[in-house]
Amino acid sequence: MNEDIESLHKNGTWALTELPEGKRPLRCKWIYKKKDGIPGVEDPRCKARLVVKGFNQKEGIDFNEIFSPVVRHTSIRVLLAFVALFDLELEQLDVKTTFLHGELEEEIYMEQPEGFIVPDKEHLVCRLKKSLYGPKQAPRQWYMRFDSFMIGQGYCRSQFDDCIYFQKFPNKSFIYLLLYVDDMLIASRDKSLIRKLKIQLNNEFEMKELGAAKKILGMEIHRDRQAGKLFLSQEKYIERVLERFNMNNCKPVSTPLAAHFKLSLDLCPHTEEEMERMSHIPYASAVGSLMYAMVCTRPDLAYAVSMVSRYMHNPGKDHWSAVKWIFRYLKGTSGIGLVFDRNKATTDDVVGYVDSDYGGDIDRRRSLSVHCCIVYD
């Protein structure tokens, strides 16, 4: 808590002042968390963070625009494919106290934080000069600050993803930076370009260098540069999810969704007793956890997750059994992931796969078709 307060004062986040008439201060609270760290890079540690209760903000008074983009998971996978294909250097950085760098446009007041009320000034409130964690506009203000900085350094923003920045040079060298809130991936063949960008970032923001990228957004990166392979998995994330839903000791199965599951709306609860029983089951949370694994590194879950997600509004007992079956599949395949292999990218062919379940949707009598194309560069 002392470290966080010291960082806030160092950054000039607020100034104590009288509360103007007609204004009301937002409340704040302390959030505590134990961070896992990154093996070989960062040890597990306890962290405290001061957070504004932004849910009390009023639109048009305390905030206006709040949208802030983040890099797409597809973009991350494409970058990792380039890293494996061209044997690029891949490094990771983290911004300390990210949202504190954003400049606020609105006039916002906050109560003094618990445990750090200034003696003899208890009647004063904090006039926020810079953003904190919690305000609805905080992510947007941080992104705008970072975007203007990168453009000012001569970087171009991708027209396909607002959180990809790159520079190309006459000698055909290049450098890419991907931003997901406070996590950054930097890729380039030239180490000197990476060092230069790190210096530029350190001069503007308080950065934490994490060295060669090993983990990003719950995805673990394992690289064998000699063999030209890069492996992306979510083994630890899946283990945490299984433990969270008490499925860590379940019996594994070999398929994402067995053929005997005939899911339909007829299986939804129809009585108040059934609805009451299902209301205590974390169906939506479980499907959301499965969906994140599917989006990141497990496309093999796509069909199964699409089936169980159709009944989020009113799931039944059989729908929940299907979700638990997917967990059982993950139990036996938690180490599976995506492999980017430079040695296989030797042709200019496009290989496609297509399949259909031929009337598999019992409710609408429609077929679900899927296609997958692999481009060898």
Side-chain angles (χ1 to χ4, degrees), residues 1-35 37 42 44-70 93-152 179-184 200-209:
M1 292 168 67
N2 286 325
E3 288 178 7
D4 199 52
I5 283 291
E6 185 180 337
S7 178
L8 294 173
H9 287 315
K10 180 181 177 182
N11 199 48
T13 308
W14 65 67
L16 292 178
T17 182
E18 297 277 356
L19 182 65
E21 187 177 350
K23 294 286 185 178
R24 64 182 181 87
L26 298 174
R27 298 169 66 186
C28 59
K29 66 181 291 187
W30 287 99
I31 298 293
Y32 308 99
K33 185 179 180 181
K34 184 176 181 181
K35 303 200 75 173
E42 185 181 37
R45 61 192 178 94
C46 296
K47 186 175 180 66
R49 176 164 285 159
L50 183 66
V51 178
V52 178
K53 295 185 177 181
F55 55 82
N56 289 322
Q57 288 181 277
K58 301 293 184 183
E59 185 175 1
I61 300 174
D62 300 313
F63 69 91
N64 293 299
E65 292 289 334
I66 61 174
F67 173 75
S68 176
V70 293
L93 288 88
D94 181 81
V95 186
K96 294 182 181 179
T97 57
T98 312
F99 292 162
L100 307 189
H101 297 289
E103 302 285 347
L104 286 175
E105 298 172 352
E106 297 83 7
E107 188 176 334
I108 298 179
Y109 297 89
M110 180 190 76
E111 295 179 355
Q112 293 190 51
E114 182 183 1
F116 296 91
I117 298 175
V118 180
D120 301 325
K121 296 184 179 180
E122 294 86 351
H123 62 289
L124 300 181
V125 295
C126 304
R127 162 72 192 274
L128 296 184
K129 295 181 177 179
K130 297 185 178 179
S131 185
L132 267 172
Y133 287 83
K136 295 180 182 293
Q137 66 268 50
R140 178 178 176 83
Q141 298 305 123
W142 155 245
Y143 171 76
M144 292 174 63
R145 169 80 187 280
F146 185 82
D147 180 72
S148 63
F149 168 76
M150 292 299 292
I151 299 300
L179 176 72
Y180 193 102
V181 188
D182 61 345
D183 288 314
M184 300 180 195
Q200 291 172 328
L201 290 169
N202 273 302
N203 289 338
E204 185 72 13
F205 311 108
E206 193 174 355
M207 306 294 298
K208 182 195 299 180
E209 294 190 26

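- Note on ring orientation: taking the six-membered ring where Trp is involved, the planes of W30 and Y32 are parallel (angle under 30°, cut-offs 30° and 60°).
- A heavy-atom distance below 4.5 Å is found between the side chains of R127 and E107.
- The number of heavy atoms from other shown groups lying within 6.0 Å of CG (N203) is above 12.
- The two residues F116 and M1 come nearest to each other via the heavy atoms CE1-CE, 3.9 Å.
- No donor-acceptor distance shorter than 3.5 angstrom exists from the side chain of N56 to the backbone of R27, with no hydrogens or angles considered.
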### Message
Show, in sequence, the C-alpha distance, side-chain angles and deciding distance for V95 and F146, and conclude whether the side chain to side chain contact (heavy atoms under 4.5 Å, CB included) test is met.
### Response
CA-CA 11 Å; V95 186; F146 185 82; 5.7 Å; no
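- Between K29 and K53 the shortest side-chain heavy-atom distance falls below 4.5 Å.
- In this structure, NZ in K23 is found 6.5 Å from OH in Y109, a value given to the nearest 0.5 Å.
- In this structure, L19 and P25 approach most closely via the heavy-atom pair CD2-CD, 3.5 Å.
- For the atom pair CE of M110 and SG of C28, the computed distance is 4.5 Å after rounding to the nearest 0.5 Å.
- Atom CD1 of I117 sits about 12.5 Å away from atom NE2 of H123, to the nearest 0.5 Å.
- H9 contributes atom NE2, which lies 10.0 Å from atom CG of D4 (distance to the nearest 0.5 angstrom).
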#### Entry: Criterion side-chain hydrogen bond (donor to acceptor under 3.5 Å, both in side chains) on Q57 and Q137, from CA distance to verdict
CA-CA 10 Å; Q57 288 181 277; Q137 66 268 50; 3.1 Å; yes
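- Summarising the geometry of L104 relative to L128, their closest heavy-atom pair is CD1-CB, 3.6 Å, with the distance given to 0.1 Å.
- L16 places a side-chain heavy atom less than 4.5 Å from the side chain of V118.
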### Task
Give the intermediate values and the outcome of side chain to side chain contact (heavy atoms under 4.5 Å, CB included) for residues E103 and K130.
CA-CA 5 Å; E103 302 285 347; K130 297 185 178 179; 3.7 Å; yes
### Verdict with supporting geometry, L179 and D147, side chain to side chain contact (heavy atoms under 4.5 Å, CB included)
CA-CA 10 Å; L179 176 72; D147 180 72; over 6 Å; no
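- Proximity of W14 to V125: side-chain heavy atoms (C-beta onward) are nowhere separated by under 4.5 Å.
- M207 has its side chain out of reach of K96: every pair of non-hydrogen atoms, C-beta onward, lies at least 4.5 Å apart.
- The closest side-chain heavy-atom distance from K47 to E3 is not below 4.5 Å.
- A 4.5 Å side-chain heavy-atom check between E206 and N11 finds every atom pair outside the cut-off.
- Closest approach of F55 and K136 over heavy atoms only: CA-NZ, 4.3 Å.
- Closest heavy-atom contact between L132 and A138: O-CB, 3.3 Å.
- Taken from CZ in R24 to CD1 in I108, the straight-line distance is 10.5 Å, to the nearest 0.5 Å.
- Using modelled atom types, no side-chain atom of R140 and backbone atom of S68 make a donor-acceptor pair closer than 3.5 Å.
- Within a 6.0 Å radius of NZ in K129, other residues, nucleotides and ligands contribute 12 heavy atoms or fewer.
- Annotation: side chain of E65 is not in contact with side chain of M144 (no heavy-atom distance under 4.5 Å).
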